[in-house]
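First comes the structure, then the notes that go with it.
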Amino acid sequence: MNELMNNFSATDVFSVKNEPLTEKEEINLRSEIEHLLSANNAVIIAHYYTDPKVQALAEATGGCVADSLEMARFGKKHPATTLLVAGVRFMGETAKILSPEKTVLMPSLHAECSLDLGCPKEEFNVFCDAHPERTVVVYANTSAAVKARADWVVTSSIAVELIDYLDSLGKKIIWAPDQHLGNYVQKRTGANMLCWKGSCIVHNEFKAKALFRMKKLYPDAAVLVHPESPQEVIDLADVVGSTSQLIQAAKIIKQQRIIVATDRGIFYKMTQLCPEKILMEAPTAGEGASCRSCAQCPWMRMNGLKTIFTGLYQGGKEHEILVDKELCRQALVPLNRMLSFASNLNIERNKIHT
Ligand code: 13P
Ligand code: SF4
């Protein structure tokens, strides 16, 4: 038995939370994870919002750090037989639907998403049944059952382009579940959209008045906003985009100082790509603030070195993503439509909306 296993009792290891590690524990844990990855022919697929240590590990071990669209694509094309998805549950489910033959593990199956939780399949089906003439477009941040009901799945990186395309075909749309992204896309495209009223507990916390005051304090700063934020916050943005688009923007925008309205996990990649820039968090405090998340998704934070280790070591019902075969078959249709639409757009995908 190796040093790491000697350092933890069985109960400690398997009830692990992501408490701070000593330097030695961290080195041991990383080497254990590397060993498990190669023993299980596994690869780590991490989202930009995860802890910087998780992102660094994914990069160092040949995995990927990406937005939700790229995570889906990477998992599908990578030859590994086990995918360790460090993100939230819908990302693990998407990976499983796209690669049903692979084992998909997650550090915690309790890593939810408020958008997914706010769009239960029974209510969503009633909503869709009431508008049978509409094309159903759902955000990737939904359960497999909700995707199974949809005509299209979409991520924020291609939402404007997809709705624009459907609008050009004369389609009327049901959009779910994020109301802010839906409103933003509707404004940009002029499409006929009926929006579900979900929201992200992280982006919902950004405050326009406080951001306005911050802009006054730093008139030289550029403001980068994820479109899950409220409209008044989007209205103050120099750039609106998905996580990957915001990272690109931070790199190429001429301003040295950048105020960022999205989860602070994104700073890892931004700092790596443009270390000379001054990055600041957009305010979550101010009038009406009740900050429960403070620019940090609580579910993304369930992914840490300890939980990745546990996920890989233990697997099984505590960590493995399983999706009903029939749901997989149904949800695959709109997911594949999204992937082929995205690959046709590929060259333009990182286009920045200002
Ligand atoms: P991206 O698709 O931009 O990665 O966003 C996913 C997400 O959950 C944002 O809150
Ligand atoms: Fe869901 Fe918001 Fe967390 Fe993204 S940041 S996973 S939308 S709760």
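These numbers were taken from a predicted model, which means no experiment stands behind them.
Residues V160 and L169 share a single hydrophobic cluster, defined by chaining ILVMFWY side chains whose heavy atoms lie under 4.5 Å apart. Hydrophobic clustering keeps Y268 apart from L224 (ILVMFWY residues linked when any side-chain heavy atoms are closer than 4.5 Å, directly or through intermediates). A single hydrophobic cluster is not seen to contain both I27 and L29; linkage of ILVMFWY side chains at heavy-atom distances under 4.5 Å, directly or through other members, places them apart. Linking ILVMFWY side-chain heavy atoms closer than 4.5 Å, directly or via other members, places W152 and V333 in two distinct hydrophobic clusters. Under the 4.5 Å side-chain contact rule for hydrophobic residues, I173 and V126 do not share a cluster.
Within 6.0 Å of atom NE2 in H110, 12 or fewer heavy atoms from other residues, nucleotides or ligands are found, so the atom counts as exposed in its surroundings. The number of heavy atoms from other shown groups lying within 6.0 Å of CD (E326) is above 12. The number of heavy-atom neighbours closer than 6.0 Å to NZ of K216, taken from other residues, nucleotides and ligands shown, is 12 or below. Within 6.0 Å of NZ in K215 there are more than 12 heavy atoms belonging to other residues, nucleotides or ligands.
A donor and an acceptor atom, one from each side chain of T135 and D151, are nowhere located under 3.5 Å apart. Side chains of Q272 and Q55: a donor-acceptor N/O pair is absent below 3.5 angstrom, by distance only. Side chains of D67 and T243: a donor-acceptor N/O pair is absent below 3.5 angstrom, by distance only. Looking only at atom types and distance, the side chain of E70 has no donor-acceptor partner in the side chain of Y48 under 3.5 Å away. Between the side chains of E228 and H180, no donor N or O sits under 3.5 Å from an acceptor N or O. In this model, a donor atom of one side chain and an acceptor atom of the other lie less than 3.5 Å apart for N204 and S199. At a cut-off of 3.5 Å, with distance as the only test, a side-chain donor of Q231 or D235 sits close to an acceptor on the other residue. No hydrogens or angles considered: a donor-acceptor pair under 3.5 Å links the side chains of S242 and Q245.
Side-chain atoms of L345 and I158, non-hydrogen and from C-beta on, do get closer than 4.5 Å to each other. Between I266 and I247 the shortest side-chain heavy-atom distance falls below 4.5 Å. Between I33 and L312, the closest side-chain pair of non-hydrogen atoms falls below 4.5 Å. In this structure, the side chains of Y139 and P177 come closer than 4.5 Å at one or more pairs of heavy atoms. Using a 4.5 Å heavy-atom threshold, the side chains of K207 and T284 count as separate. Between Q256 and K277, some side-chain heavy-atom pair lies under the 4.5 Å cut-off. Between S156 and L69 the shortest side-chain heavy-atom distance does not fall below 4.5 Å. Residues Y49 and V202 are not in side-chain contact: their nearest non-hydrogen atoms beyond the backbone lie 4.5 Å or more apart.
The ring pair (Phe, Tyr, Trp, His ring centres under 6.0 Å) search around F74 returns H78, not counting sequence neighbours. Remark: F90 engages no residue in a ring pair (Phe, Tyr, Trp, His ring centres under 6.0 Å) (not counting sequence neighbours).
Salt bridge present: K53 and E26 bring a charged side-chain N and a carboxylate O closer than 4.0 Å. Under a 4.0 Å N-O distance rule, the pair K254/D220 does not qualify as a salt bridge.
Aromatic ring orientation, F127 versus W196: perpendicular (interplanar angle above 60°, classes split at 30° and 60°).
Between the CD1 atom in I321 and the CG atom in L109 there is a gap of 5.0 Å [rounded to 0.5 Å]. A distance of 11.5 Å separates CG in L83 from CD1 in I44, rounded to the nearest 0.5 Å. Note that the CG atom of L166 and the CG atom of N192 stand 12.0 Å from one another [nearest 0.5 Å]. Of the inter-residue distances, the one linking R264 atom CZ with M280 atom CE reads 14.0 Å to the nearest 0.5 angstrom. Distance check: L327 CG to K147 NZ gives 11.0 Å after rounding to the nearest 0.5 Å. Remark: M91 CE to N303 CG distance equals 9.5 Å, nearest 0.5 Å.
Using modelled atom types, no side-chain atom of H319 and backbone atom of L105 make a donor-acceptor pair closer than 3.5 Å. Judged by distance alone, with hydrogens and angles left aside, the side-chain atoms of T22 form a donor-acceptor pair with the main-chain N or O of E25 at under 3.5 Å. Judged by distance alone, the side chain of T61 and the main-chain N or O of L57 form a donor-acceptor pair under 3.5 Å. The backbone N or O of K306 sits less than 3.5 Å from a side-chain atom of T310, completing a donor-acceptor pair. R257 places no side-chain N or O within 3.5 Å of a backbone atom of A221 that could act as its donor or acceptor partner. A donor-acceptor pair is defined here as one N or O able to donate and one able to accept, closer than 3.5 Å; such a pair exists between the side chain of N40 and the backbone of L36. Looking at R301, its side chain never comes within 3.5 Å of a backbone N or O of Q296 through a donor-acceptor pair.
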Would you check, one step at a time, whether the test side chain to side chain contact (heavy atoms under 4.5 Å, CB included) holds for V260 with F267? CA-CA 9 Å; V260 184; F267 284 20; 3.6 Å; yes
Would you check, one step at a time, whether the test salt bridge (Lys or Arg N to Asp or Glu O under 4.0 Å) holds for K269 with E59? CA-CA 11 Å; K269 227 350 146 200; E59 287 175 327; 2.3 Å; yes
Dump the intermediate steps for side chain to side chain contact (heavy atoms under 4.5 Å, CB included) on K76 and N336, then the final yes or no. CA-CA 11 Å; K76 187 175 149 114; N336 274 338; 3.8 Å; yes
Under the criterion side chain to side chain contact (heavy atoms under 4.5 Å, CB included), I'd like the reasoning laid out for V104 against E320: C-alpha separation, chi angles, the key distance, then a yes or no. CA-CA 6 Å; V104 178; E320 184 171 0; 5.9 Å; no
Between C274 and E276, does the side chain to side chain contact (heavy atoms under 4.5 Å, CB included) criterion hold? Intermediate values first, please. CA-CA 5 Å; C274 40; E276 74 290 357; 3.7 Å; yes
Stepwise salt bridge (Lys or Arg N to Asp or Glu O under 4.0 Å) check, D178 with K197: CA-CA 6 Å; D178 189 58; K197 297 280 178 248; over 6 Å; no
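In plain terms, the two heavy atoms of I163 and T189 that are nearest each other are CG2-OG1, 3.7 Å. The two residues A295 and T262 come nearest to each other via the heavy atoms CB-O, 4.0 Å. Shortest non-hydrogen contact noted between G87 and M300 is CA-SD, 3.9 Å. The two atoms that bring L236 and V223 nearest to each other are O-CB, 3.7 Å, heavy atoms only. Taking all atoms of both residues into account, the shortest heavy-atom contact from V88 to C113 is CG2-CB, 4.3 Å. For the residue pair H131 and I174, the shortest heavy atom distance occurs at CB-CD1, 3.9 Å.
Applying the ring-ring contact (aromatic ring centres under 6.0 Å, His included) test to pairs two or more places apart or on separate chains, those with a residue in residues 208-256 are H203-H226.
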